[in-house]
Amino acid sequence: MPDSKQSAPSKGKAAPDEFKGWLFKWTNYLKGYQRRWFVLSNGLLSYYRTQAEMAHTCRGTINLAGAYIDVEDSCNFVISNGGTQCYHLKASSEVERQRWVTALELAKAKAIRLMESGASDDDEDGQSHTSPDKNEIQNTLRILSAKLEDLNTCNDLIAKHGAALQRSLSELEMLDKENSTDVQSKVKAVNERATLFRITSNAMINACADYLDLAQTQGRKWQKTLQYEREQRLRLEETVETLARQHNSLEQQVRAQASQGSLKTAPNDKAAADGKPESTAGSDDEDGEFFDAIDETPDSEFRTITIPDSHLTHRRTPSGVSAASMASEASEGAGKDFVYISSSDEEATDKPEEFGVKAKKKLERTASQHSVDSTSSSGGPRTPQTPSKVPKEPRRRRRTRIPEKPNISLNLWSIMKNCIGKELSKIPMPVNFNEPISMLQRLTEDFEYSDILNKAAQLESSTEQLAYVAAFTASAYSTTTQRTGKPFNPLLGETYELDLTEEFGWRAITEQVSHHPPAAAAYVDSKHGWESWQEFTMTSKFRGKYLNIIPQGIAHLKFTATGNHYTWRKVTSIVHNIIVGKLWIDQSGEMDIVNHKTGDKCHLVYTPYSYFSRETPRKVTGVVTDKDGQAHYVLSGTWDKKIEYAKIVKDQTGGNGRGKSVYQTTAPKVIWIRSNPPPWNTTMYNFTEMAMFLNEPEDQVAPTDSRNRPDQRAMENGHWNEANTLKVQLEEKQRAKRKQREAEAAQAAGEGKPYEGHKPVWFEKKLDPQTKNFIHMYKGNYWDCKTKGEFSQCPDIYL
């Protein structure tokens, strides 16, 4: 049983925000829930087997700043960070659970505020030496605002529990006095409600006391600060007055010299002849003007990198899928990290992040030479800054929010128990597992960081360009860290267009060209000198504990200026905790990016997450080699944060016999950094800024566009029951059309006539000269038809 006495908040001054107590934590199916001692302090929730373990062993810790807190029933609740940590906890009673949930919510809000205030403090470091009092006041105001928010939260809780208590009292008054059983149960409920009300009231009183104490203690500091500001203003007024008198005196001297005709022999000429500037009052201490030196990495500074030979050799199965991509665990040596060793400064190995910061600053300084700064990360792809003297029309304002996701529970077992072993595309899933965008829109979202390709198009070196292309392929997975919702399966003939020419210089058209097997064809063209196309197919199997998604299609990218043509296949995506726990997605496998013009190749390794591994989660490593196998660049980073690359200056492998290659490189530079999502995205399916406007309604799009899909629109608006009904109707209509085509094909076969079946509108099947496979290629007529408004050739696929 939880210790309610120990669960109360600590009142000591050493740890005012500490919360302790016993809870039951889910361990596994054999042991079930086990009693553990939990401690909530400074925004961190830690647990131990016993109280004695607090002195030496911590069994686990989760940071509440990025955690999700879900209440399952009267006693159970879940805490998860959206990744590998997920605690299923159970309290002894509803009162105890509510006490913990309230404390956790307050601690989470406080941790988020501290994190945001820390970020703002970093931005103001340059001003801290000139106005410390101002920063102190701002920090105090932030603390007071936080305390006020705590008061508002407690006020809402008091109102909620007070209303519940009032309802319980009213029900108790209406009960029959003789029915002792009902009376006892209602009295118990009233007692629990009263306890909740008392807990919340105590929290309100404590918050008020903290607010009042902080306001009183800061009053004297503010008075001193005000007095200091007054004195500074007086000094400034005296300084301005002195300067005015000096200026008047100098002006009179110049006028007197001019009237005497001696202006040419003034001390100014003498000083100029001596090569010295004229000295005036107050300038004795100013010896000269100084500028900050540009922070460049010296050529003599190198790094030594050790990598496995798996980056240079890659095996594929006869189907063309990476053999490592199909494995759930990588081999022991496949995921070894790069080892950076400075040959000129050993201390550099202790601070690898400094190199990334310097590289980021350097890229920002060269932004004027390139159309796009690839290190910018404040909300999706960046628009090239092209100067223009002709005023342009204002760009379209795209939406930044969608309706919040409703809190609708669903029994997963009732749906999944009959789906084991079936293909995902054939499982009738309700929209509760979806997100309100289609797979066609999700494919278009891969180009969120198209600014990387804009920068790559300006590079002359094909190997360096390949490094940027590799970083772009990794950036496409950054949206999957918390996006566990399944996109809508497109209907046959469904299309999606996205024209971002004004904003980011590219536009895309995608069409579902096949239904069994499902396949989508996409084409993107950019005015910055590149184009991309692909036919995306995949196989997906539900394995009970996890879901394997194995892409089968090939992606193409071509730069028009150089003719460099790149192809690659995507790696395997694995969705974990399908039945129990918080869903999380991992990427694993190997990827080869090939330049078919020059023969250059980049081999990337996505290391799968393992609880027993010491590797960095979501790690990506790679090597860029030319057609002769000579390595030129190495890449490292994570697919959810950033990718860096470094130029190889010397190969130090020399047959070390350990199955590894050793390279000496320059300091790494940042190619890509993930943009921070909007702060409100947690209630909006964890969408990025770009995903927010993917399904925004638009006029003059094709009638088959995903924006016009009724079930997807109903789900986005929060009408999930209606969306499920519409989804079933759309699928039945699609099945009826398929049966009609099958009947027509059978009739044509009986008559000995050819039958084409479904024919895509905007794509046609052609032989790919690079891969020697038949794929659907873009015809090139969609945007012309949109301009003319000619969409009569589009099929009727919606209701």
Side-chain angles (χ1 to χ4, degrees), residues 43 62-70 78-86 105 108-120 149 376-382 397-408 431-439 441-450 475-488 498 500 503-504 573 575 582-587 618 638-642 672-697 706-707 712-713 715-718 720 723:
I62 188 170
N63 191 344
L64 296 178
Y68 303 92
I69 303 173
D70 297 326
V78 180
I79 305 174
S80 172
N81 63 355
T84 58
Q85 289 182 297
C86 184
E105 291 289 354
K108 176 183 176 181
K110 185 174 296 184
I112 293 176
R113 287 195 299 268
L114 290 176
M115 184 173 62
E116 293 176 350
S117 63
S120 61
E149 290 182 9
S376 180
S377 59
S378 59
R382 294 291 170 266
R397 294 178 59 88
R398 300 188 180 270
R399 69 181 185 182
T400 58
R401 292 175 178 266
I402 61 173
E404 294 187 358
K405 178 181 179 181
N407 186 14
I408 301 177
V431 300
N432 303 58
F433 298 102
N434 287 34
E435 56 183 11
I437 61 173
S438 72
M439 191 64 194
Q441 294 167 317
R442 194 68 180 264
L443 289 176
T444 308
E445 194 179 356
D446 287 351
F447 292 86
E448 178 178 4
Y449 298 97
S450 60
S475 69
Y477 297 106
S478 62
T479 61
T480 64
T481 52
Q482 296 178 347
R483 296 266 296 278
T484 56
K486 172 183 173 293
F488 278 79
L498 184 62
L500 298 178
E503 294 93 336
F504 310 123
S573 299
V575 185
K582 188 74 174 180
L583 290 176
W584 62 279
I585 298 178
D586 193 21
Q587 316 292 339
R618 307 184 179 103
T638 58
W639 51 263
D640 66 325
K641 291 183 180 179
K642 67 176 181 179
W672 163 74
I673 297 179
R674 181 190 177 190
S675 303
N676 293 324
W680 53 83
N681 77 327
T682 54
T683 60
M684 300 177 185
Y685 307 91
N686 292 306
F687 274 4
T688 61
E689 183 177 340
M690 181 178 181
M692 292 288 185
F693 63 76
L694 287 178
N695 201 43
E696 184 177 6
S706 300
R707 300 177 181 89
Q712 185 172 302
R713 183 64 60 190
M715 181 191 178
E716 181 184 280
N717 294 331
W720 285 18

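Quantities reported herein were computed from a predicted structural model and do not represent experimental measurements.
Annotation: salt bridge (charged side-chain N to carboxylate O under 4.0 Å, His left out) contacts of E696 (sequence neighbours excluded): R396. S478 meets the side-chain contact (heavy atoms from CB on, under 4.5 Å) test with Y449, W672, R674; sequence neighbours excluded. Remark: Y685 pairs with F687 by the ring-ring contact (aromatic ring centres under 6.0 Å, His included) rule, at least two apart or across chains. The side chain to side chain donor-acceptor pair (under 3.5 Å) check on N681 picks up nothing, with sequence neighbours excluded. Residues passing the side chain to side chain donor-acceptor pair (under 3.5 Å) test with S438 are S706, sequence neighbours excluded. Evaluation of the side-chain contact (heavy atoms from CB on, under 4.5 Å) rule for T682 yields Y68, N686 as partners, not counting sequence neighbours. Every residue meeting the side chain to side chain donor-acceptor pair (under 3.5 Å) condition with R483, not counting sequence neighbours, appears here in chain and number order: E435, E445. Residues that satisfy the salt bridge (charged side-chain N to carboxylate O under 4.0 Å, His left out) test with R398, not counting sequence neighbours, are E503, E698. Annotation: side chain to side chain donor-acceptor pair (under 3.5 Å) contacts of N695 (sequence neighbours excluded): Q441, Q712, E716.
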Apply side-chain contact (heavy atoms from CB on, under 4.5 Å) to residues R618 and T481 and explain how you reach the verdict.
CA-CA 9 Å; R618 307 184 179 103; T481 52; 4.1 Å; yes
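In this structure, a donor-acceptor pair under 3.5 Å is present between the side chains of T480 and Q587.
Here the CD1-CD distance, from I402 to E404, works out to 9.5 Å after rounding to the nearest 0.5 Å.
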